[in-house]
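Below: one structure, written as structure tokens.
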Amino acid sequence: MPKVHKAKAVDLGPTIVLDQERCILCTRCIRVCDEVAGEHQLEMAHRGDHEVLTTAPGAQLDNPYSLNTVDVCPVGALTSKDFRFTMRAWELSATPTVCTGCATGCNAEVHHKDGRAWRMVPRFNPAVNQYWMCDEGRFTYHELRGERLAAAVVDGLPAGWDRALARVAEVLAASTPSTTGVVLSATHGNEDNFALAKLAQGGKAGHVFISGRPAVPGRADDRLRDADVNANTAGVRAIAQSLGLTAQPLADLDAALIAGTIKTLIVLGDVLPLTHLWKLKEIELVVVATHERGPAKLAAVALPAAAWAETDSTSTNRAGLVQRLHAAFAPPGQAVPAWEAFARISAATGGKASWTSARDVFKDMTSQVSAFAGATWGRQVRPLALRFANSRG
């Protein structure tokens, strides 16, 4: 009997490529679509040695959980377009983390090499996401690239930390609490927000705002996806409440900028969806951010911050669960964790912040934020069950 040849590199949809000759017709991917995604998009066609995995005529594998089929494929027949032929999986290091794509906080691993992330895969947690995560969450590692803010910028020119901190000290010395505000960020971890909130609580600012990405209507489902595409909304609100800070909506900041009642603003993060963002050019703006975009481009002083994969931190998901993110590799250039940037600002302005590690901030935070009582700074172990399943492309 002649060998039966099947199609190679079959395009099943926007995220998946199938090698039909590798497929052993186990139907695990069909069950994932049916039971995890809730959409029957894969099926077997033909009979005997001509049977193949495929989609219905004219249909695609395009559900929001399609990449979970790659995880369960035992032979590597299903491969991710995003990762396919980019890196040998066994050469990558795996660091436990939490997806920052939405408020669900799916547990994940970031796979990396030589200071660069190459993919994200789910990590087992029965209380949050079991073995799964959505496709959009897997692609959040792409935001680690782009126009990174790797050095301090003062009045539009590159500067060292000493010059930048001296400029911040000048700004805060000339300001009053009644005309100064801080913007906490739901896109950053608990430690970063706690450090900025403590700066505000210490009398540096009389106005507190919370920023984040706008909600995405229609994104939420009864599985893992949430309309809130910020990882730490619950954590930021808990911190502000426990420290006695009244968080105002961003609409109030917009109005204050138009009225000219805010003269100085300290912003965490590069996400600040204001209608009148251009008004930030008219005030003394200090931004601590990972990327050179949004408010960071308008700042009198922009300080470089480490991204979520470059620093130890925690975030609080929609269920109030405080979860640990681990540093996978070092941040670029002069960037430091945002909590450290605020500790340096505090020291430069006569404050008493004495944290030397993220764990120090965590201990201080959990003793003062009632919602975080009982949270621990533990090392998370990679589940043995996923080591084989996640080794393929």
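If you're wondering where the values come from, they're calculated on a predicted model, not measured in any experiment. By convention here, the first residue in the shown sequence is residue 1.
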Open item on the list: With salt bridge (charged side-chain N to carboxylate O under 4.0 Å, His left out) as the rule and sequence neighbours excluded, what pairs involving residues 328-341 come up?
Closed with: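 Matches after skipping sequence neighbours: Glu340-Arg344.
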- [ ] Check the angle between the aromatic planes of Trp355 and Phe194 and answer parallel, tilted or perpendicular using the 30° and 60° thresholds.
- [x]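 If you compare the ring of Trp355 with that of Phe194, the planes turn out tilted.
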Open item on the list: Parallel, tilted or perpendicular, judged at 30° and 60°: which one describes the rings of Phe139 and His142?
Closed with: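 Plane angle between 30° and 60°, so tilted.
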Taking all atoms of both residues into account, what is the closest heavy-atom pair of [X] and [Y], and its distance?
X	Y	answer
Val336	Ala341	CG2-N, 4.0 Å
Val288	Ala338	CG1-CB, 3.9 Å
Gln368	Lys198	OE1-NZ, 2.9 Å
Lys279	Leu257	CE-O, 3.3 Å
Phe83	Trp118	CD1-O, 3.7 Å
Gly13	Lys81	O-NZ, 2.6 Å

What I'd like to find out is whether the side chain of [X] reaches to under 4.5 Å of the side chain of [Y], using heavy atoms alone.
X	Y	result
Asn317	Asp226	no
Asp34	Ile30	yes
Leu272	Leu280	yes
Glu191	Met365	yes
Thr187	Thr100	no
Thr316	Leu321	no
Val168	Val171	no
Ser185	Asp192	no

Hey, is the main chain of [Y] close enough, under 3.5 Å, to the side chain of [X] for a donor-acceptor pair?
X	Y	value
Arg318	Thr233	no
Asn68	Met133	yes
Thr95	His326	no
Glu21	Lys6	yes
Gln41	Asp62	yes
Thr311	Trp308	no
Thr264	Glu284	no

Open item on the list: If the condition is ring-ring contact (aromatic ring centres under 6.0 Å, His included), which residues does Tyr65 pass it with, not counting sequence neighbours?
Closed with: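 Once residues adjacent in sequence are excluded, Tyr65 has no partner under the ring-ring contact (aromatic ring centres under 6.0 Å, His included) criterion.
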TODO: Report the residues that fulfil ring-ring contact (aromatic ring centres under 6.0 Å, His included) with His291, sequence neighbours left out, ordered by chain and then residue number.
DONE: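 ring-ring contact (aromatic ring centres under 6.0 Å, His included) list for His291, sorted by chain: empty.
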- [ ] Let me know which of Thr97, Asn232, Asn107 forms a side chain to side chain donor-acceptor pair (under 3.5 Å) with Gln323.
- [x]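 In the set Thr97, Asn232, Asn107, the residue that makes a side chain to side chain donor-acceptor pair (under 3.5 Å) with Gln323 is Asn107.
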Sequence neighbours excluded and cut-off under 3.5 Å, please list the side-chain donor-acceptor pairs for residues 327-335, or say none.
none

Open item on the list: If you apply the rule side chain to side chain contact (heavy atoms under 4.5 Å, CB included), what do you find for Arg138 with Asp82, and how did you get there?
Closed with: CA-CA 10 Å; Arg138 292 172 186 259; Asp82 181 63; over 6 Å; no
TODO: Start with the C-alpha gap between Asn193 and His188, add the side-chain angles, then the distance that decides, and say whether side-chain hydrogen bond (donor to acceptor under 3.5 Å, both in side chains) holds.
DONE: CA-CA 7 Å; Asn193 281 284; His188 275 252; over 6 Å; no
TODO: Determine, step by step, whether Thr176 and Ser178 satisfy the side-chain hydrogen bond (donor to acceptor under 3.5 Å, both in side chains) criterion, reporting the C-alpha distance in whole Å, the side-chain angles of both residues, the deciding distance to 0.1 Å, and the verdict.
DONE: CA-CA 5 Å; Thr176 61; Ser178 62; 3.3 Å; yes
If you look only at distance, which donor and acceptor atoms sit under 3.5 Å apart when one is on a side chain in residues 42-50 and the other is two or more places apart or in another chain?
{"unit_1": "Glu43", "atom_1": "OE2", "unit_2": "His40", "atom_2": "NE2", "d": "2.9"}

TODO: Report the hydrophobic cluster partners of Val216, with the cluster defined as I, L, V, M, F, W, Y residues connected by side-chain heavy atoms closer than 4.5 angstrom, directly or transitively.
DONE: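 Other cluster members: Val229.
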Open item on the list: When you compare the side chains of Thr290 and Asp270, does any donor N or O come within less than 3.5 Å of an acceptor on the partner?
Closed with: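 Yes, a side-chain donor-acceptor pair sits under 3.5 Å.
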TODO: With Ser80 as reference, evaluate Asp71, Asp135, Leu67, Val121 under the side-chain contact (heavy atoms from CB on, under 4.5 Å) test and give the passing residue.
DONE: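 It is Leu67; the other options fail the test.
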Task: Single hit among Asp254, Val182, Leu253 for side-chain contact (heavy atoms from CB on, under 4.5 Å) with Phe209 - done: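 The residue from Asp254, Val182, Leu253 that satisfies side-chain contact (heavy atoms from CB on, under 4.5 Å) with Phe209 turns out to be Leu253.
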- [ ] Determine, using the 4.5 Å side-chain heavy-atom cutoff (strictly less than), whether Ile210 and Leu250 are members of one ILVMFWY cluster.
- [x]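 No, separate clusters.
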- [ ] Give the cluster check for Val208 versus Val183: same hydrophobic cluster or not, with ILVMFWY residues linked at side-chain heavy-atom distances below 4.5 Å.
- [x]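 The answer is no; the residues belong to distinct hydrophobic clusters.
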TODO: Using a strict cut-off of less than 4.0 Å between a Lys/Arg side-chain nitrogen and an Asp/Glu carboxylate oxygen, indicate whether Asp155 and Arg167 qualify as a salt bridge.
DONE: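 The answer is yes: the pair qualifies as a salt bridge.
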